[in-house]
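All remarks here apply to the structure that follows.
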Amino acid sequence: MQSEKLNFNSTSDNISIAENLIDEVCKKYNVDEDNYGNILIAVTEAVNNAINHGNQQDASKQVHLEVSYLADRSLKFTVSDEGDGFNYDQLPDPTDPENIEKISGRGVFLMKSLSDSIDFSDEGRCVEMRFRLE
(Lines give C-alpha, C1' and ligand atoms only; values in the text may rest on other atoms or scores of the structure.)
Protein backbone atom coordinates (compact mmCIF):
# COMPACT_ATOMS: atom_id res chain seq x y z
CA MET A 1 0.00 0.00 0.00
CA GLN A 2 1.32 3.39 -1.00
CA SER A 3 0.08 6.53 0.70
CA GLU A 4 0.56 10.27 0.66
CA LYS A 5 -0.33 12.70 3.44
CA LEU A 6 -0.92 16.42 3.48
CA ASN A 7 -1.75 18.83 6.29
CA PHE A 8 -2.84 22.38 5.63
CA ASN A 9 -4.47 25.35 7.38
CA SER A 10 -8.24 25.74 7.33
CA THR A 11 -8.66 28.45 4.73
CA SER A 12 -10.79 28.12 1.60
CA ASP A 13 -7.76 28.95 -0.56
CA ASN A 14 -6.23 25.64 0.48
CA ILE A 15 -8.90 23.54 -1.25
CA SER A 16 -6.62 23.84 -4.29
CA ILE A 17 -3.96 21.85 -2.37
CA ALA A 18 -6.40 18.95 -2.15
CA GLU A 19 -7.36 19.33 -5.82
CA ASN A 20 -3.69 19.18 -6.84
CA LEU A 21 -3.15 15.99 -4.85
CA ILE A 22 -6.26 14.42 -6.42
CA ASP A 23 -4.98 15.35 -9.90
CA GLU A 24 -1.53 13.86 -9.20
CA VAL A 25 -2.90 10.63 -7.73
CA CYS A 26 -5.46 10.14 -10.49
CA LYS A 27 -2.79 10.62 -13.18
CA LYS A 28 -0.42 8.26 -11.37
CA TYR A 29 -3.01 5.46 -11.25
CA ASN A 30 -4.62 6.17 -14.65
CA VAL A 31 -8.03 6.88 -13.16
CA ASP A 32 -10.72 7.12 -15.83
CA GLU A 33 -12.72 10.31 -16.35
CA ASP A 34 -15.88 9.15 -14.53
CA ASN A 35 -14.00 8.02 -11.43
CA TYR A 36 -11.88 11.17 -11.52
CA GLY A 37 -15.00 13.35 -11.44
CA ASN A 38 -16.49 11.38 -8.55
CA ILE A 39 -13.25 11.54 -6.58
CA LEU A 40 -12.73 15.25 -7.24
CA ILE A 41 -16.25 16.22 -6.15
CA ALA A 42 -16.45 13.93 -3.12
CA VAL A 43 -12.99 14.65 -1.71
CA THR A 44 -13.14 18.41 -2.26
CA GLU A 45 -16.55 18.40 -0.58
CA ALA A 46 -15.04 16.57 2.41
CA VAL A 47 -12.17 19.06 2.55
CA ASN A 48 -14.59 21.98 2.24
CA ASN A 49 -16.67 20.55 5.10
CA ALA A 50 -13.54 20.11 7.23
CA ILE A 51 -12.49 23.72 6.64
CA ASN A 52 -15.89 25.39 6.97
CA HIS A 53 -17.92 23.20 9.32
CA GLY A 54 -15.31 21.22 11.25
CA ASN A 55 -12.63 23.83 11.83
CA GLN A 56 -14.96 26.84 11.38
CA GLN A 57 -12.40 28.48 9.02
CA ASP A 58 -9.98 28.79 11.93
CA ALA A 59 -6.65 29.06 10.10
CA SER A 60 -4.80 27.86 13.21
CA LYS A 61 -6.50 24.47 12.84
CA GLN A 62 -5.34 21.87 10.35
CA VAL A 63 -7.08 19.68 7.79
CA HIS A 64 -5.41 16.30 7.33
CA LEU A 65 -5.71 14.56 3.97
CA GLU A 66 -4.35 11.12 3.24
CA VAL A 67 -4.71 9.00 0.14
CA SER A 68 -3.74 5.34 -0.10
CA TYR A 69 -3.63 2.99 -3.05
CA LEU A 70 -4.90 -0.38 -1.84
CA ALA A 71 -4.18 -3.90 -3.02
CA ASP A 72 -7.76 -4.31 -4.32
CA ARG A 73 -7.09 -1.51 -6.86
CA SER A 74 -8.99 1.14 -4.99
CA LEU A 75 -8.09 4.54 -3.66
CA LYS A 76 -8.87 5.43 -0.06
CA PHE A 77 -9.10 9.12 0.83
CA THR A 78 -9.18 10.09 4.50
CA VAL A 79 -10.04 13.67 5.49
CA SER A 80 -9.99 14.77 9.12
CA ASP A 81 -10.27 18.06 10.96
CA GLU A 82 -9.67 19.43 14.46
CA GLY A 83 -13.24 20.59 15.10
CA ASP A 84 -15.93 19.46 17.51
CA GLY A 85 -17.33 16.74 15.25
CA PHE A 86 -20.95 16.18 14.30
CA ASN A 87 -23.59 13.48 14.40
CA TYR A 88 -23.37 12.06 10.89
CA ASP A 89 -26.35 9.77 11.53
CA GLN A 90 -28.69 12.71 12.18
CA LEU A 91 -28.31 14.69 8.95
CA PRO A 92 -31.48 15.84 7.21
CA ASP A 93 -32.25 14.19 3.86
CA PRO A 94 -31.43 16.78 1.16
CA THR A 95 -33.86 15.06 -1.23
CA ASP A 96 -36.80 15.60 1.15
CA PRO A 97 -39.14 18.23 -0.36
CA GLU A 98 -38.77 20.48 2.69
CA ASN A 99 -34.98 20.57 2.16
CA ILE A 100 -34.82 20.92 -1.64
CA GLU A 101 -34.60 24.72 -1.59
CA LYS A 102 -31.88 24.88 1.08
CA ILE A 103 -28.49 26.06 -0.19
CA SER A 104 -26.50 23.77 2.10
CA GLY A 105 -26.80 20.23 3.40
CA ARG A 106 -25.92 18.24 0.29
CA GLY A 107 -22.21 17.61 0.90
CA VAL A 108 -22.41 14.36 2.84
CA PHE A 109 -25.18 13.14 0.51
CA LEU A 110 -22.88 13.77 -2.48
CA MET A 111 -19.95 12.08 -0.78
CA LYS A 112 -22.09 9.00 -0.06
CA SER A 113 -23.47 8.95 -3.60
CA LEU A 114 -20.13 9.33 -5.39
CA SER A 115 -17.90 7.03 -3.33
CA ASP A 116 -18.03 3.23 -3.27
CA SER A 117 -17.94 3.27 0.52
CA ILE A 118 -17.83 5.91 3.19
CA ASP A 119 -17.15 5.70 6.92
CA PHE A 120 -17.17 8.39 9.55
CA SER A 121 -15.17 8.09 12.76
CA ASP A 122 -13.81 10.16 15.64
CA GLU A 123 -17.28 11.65 16.32
CA GLY A 124 -17.51 12.89 12.72
CA ARG A 125 -14.09 14.54 12.61
CA CYS A 126 -12.76 11.93 10.18
CA VAL A 127 -14.27 10.58 6.96
CA GLU A 128 -12.84 7.77 4.88
CA MET A 129 -14.02 7.26 1.30
CA ARG A 130 -13.06 4.47 -1.06
CA PHE A 131 -13.20 4.49 -4.83
CA ARG A 132 -12.77 1.29 -6.88
CA LEU A 133 -10.72 1.85 -9.99
CA GLU A 134 -12.02 -1.12 -12.01
Side-chain angles (χ1 to χ4, degrees):
M1 173 175 72
Q2 298 177 356
S3 68
E4 296 182 46
K5 295 180 184 180
L6 290 175
N7 300 315
F8 47 89
N9 295 340
S10 292
T11 62
S12 294
D13 294 346
N14 286 337
I15 291 175
S16 63
I17 293 171
E19 291 170 340
N20 290 337
L21 177 64
I22 293 164
D23 287 347
E24 290 172 19
V25 167
C26 287
K27 284 178 188 164
K28 181 177 181 176
Y29 294 107
N30 297 312
V31 173
D32 66 66
E33 194 174 316
D34 289 340
N35 276 331
Y36 169 76
N38 290 348
I39 292 167
L40 182 66
I41 293 168
V43 175
T44 55
E45 187 59 46
V47 169
N48 183 59
N49 284 350
I51 291 170
N52 291 301
H53 301 295
N55 290 341
Q56 302 289 311
Q57 297 181 358
D58 180 345
S60 70
K61 292 184 178 180
Q62 296 277 299
V63 174
H64 311 278
L65 172 61
E66 180 177 2
V67 59
S68 303
Y69 181 74
L70 306 176
D72 67 355
R73 247 190 81 64
S74 66
L75 289 171
K76 177 178 74 170
F77 287 85
T78 305
V79 179
S80 58
D81 61 58
E82 298 174 353
D84 296 330
F86 73 105
N87 188 341
Y88 44 87
D89 290 324
Q90 296 293 321
L91 294 173
D93 179 357
T95 64
D96 188 306
E98 69 184 34
N99 297 324
I100 291 290
E101 300 293 325
K102 293 183 179 177
I103 59 171
S104 65
R106 291 176 185 80
V108 172
F109 176 80
L110 276 173
M111 292 159 48
K112 287 180 179 180
S113 299
L114 297 173
S115 63
D116 291 304
S117 70
I118 185 169
D119 291 301
F120 289 93
S121 60
D122 194 21
E123 297 179 338
R125 287 183 286 272
C126 181
V127 61
E128 176 184 292
M129 295 174 285
R130 290 179 186 236
F131 301 88
R132 281 191 227 63
L133 300 184
E134 295 183 328

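Atoms considered below: every heavy atom in the structure, side chains included; atoms not considered: hydrogens, waters and symmetry mates.
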We want to know whether Asn55 and Asp58 form a side-chain donor-acceptor pair, criterion being a heavy-atom distance below 3.5 angstrom.
no
With rounding to the nearest 0.5 Å, note down the distance linking CD in Glu33 to CG in Asn38.
11.0 Å
Between Leu75 and Leu21, is there shared hydrophobic-cluster membership here, with clusters defined by ILVMFWY side-chain heavy atoms closer than 4.5 Å?
yes
Has the side chain of Asp81 got a donor or acceptor atom that lies under 3.5 Å from a matching backbone atom of Gly83?
yes
What I'd like to find out is whether the side chain of Ser12 reaches to under 4.5 Å of the side chain of Asn52, using heavy atoms alone.
yes
Between Glu82 (side chain) and Gln62 (backbone), is there a donor-acceptor pair under 3.5 Å?
yes
Between the side chains of Glu24 and Tyr29, does any donor sit under 3.5 Å from an acceptor?
no
Positive for side chain to side chain contact (heavy atoms under 4.5 Å, CB included) with Ser80, one of Arg125, His64, Glu128:
His64
Could you tell me if the side chain of Val31 sits less than 4.5 Å from the side chain of Phe131, heavy atoms only?
no
Can you check whether Gly124's main-chain N or O pairs, donor with acceptor, with Asp122's side chain at less than 3.5 Å?
no
For Thr11 and Asp13, does a side-chain donor sit closer than 3.5 Å to a side-chain acceptor?
no
Once rounded to the nearest 0.5 Å, what's the spacing between atom CG of Asn48 and atom CE of Met111?
10.5 Å
Kindly work out whether a path of hydrophobic side-chain contacts (I/L/V/M/F/W/Y, heavy atoms less than 4.5 Å apart) joins Tyr36 to Ile15.
yes
Path from Val25 to Leu6 over hydrophobic side-chain contacts below 4.5 Å:
yes
Tell me whether Leu110 shares a hydrophobic cluster with Val47, the cluster being built from Ile, Leu, Val, Met, Phe, Trp, Tyr side chains joined at under 4.5 Å.
no
So, the side chain of Asn14 versus the backbone of Asn9: is there a donor-acceptor pair under 3.5 Å, distance only?
yes
Starting at SG of Cys126, measure out to CD of Glu66 and round the result to the nearest 0.5 Å.
9.0 Å
Between Ile51 and Gln57, is there a side-chain heavy-atom distance shorter than 4.5 Å?
yes
Do you reckon Phe77 sits in the same ILVMFWY cluster as Ile41, going by side-chain contacts under 4.5 Å, direct or chained?
no
Apply side chain to side chain contact (heavy atoms under 4.5 Å, CB included) to residues Thr78 and Val127 and explain how you reach the verdict.
CA-CA 6 Å; Thr78 305; Val127 61; over 6 Å; no
Which value, rounded to the nearest 0.5 Å, describes the distance between Asp23 atom CG and Leu40 atom CG?
7.0 Å
Do Val67 and Ser3 come within less than 4.5 Å of each other through their side chains, counting heavy atoms only?
no
For the residue pair Asn7 and Val63, establish whether any side-chain heavy-atom pair is separated by less than 4.5 Å.
no
Any Lys/Arg nitrogen of Arg132 or Asp116 sitting under 4.0 Å from an Asp/Glu carboxylate oxygen of the other?
yes
How long is the straight-line distance from OG of Ser115 back to CD of Glu45, given to the nearest 0.5 Å?
12.0 Å
Heavy atoms, side chains only, cut-off 4.5 Å: are Val43 and Met129 in contact?
yes
Name the orientation class of the two ring planes belonging to Phe120 and Phe86 (parallel below 30°, tilted from 30 to 60°, perpendicular beyond 60°).
perpendicular
Has Ser10 got a side-chain atom pairing as donor or acceptor with Lys61's backbone, closer than 3.5 angstrom?
yes
Mark yes or no for whether Asn20, through its side chain, and Ser16, through its backbone, hold a donor-acceptor pair below 3.5 Å.
yes
What's the spacing between Leu70 CG and Gln2 CD if we round to 0.5 Å?
11.0 Å
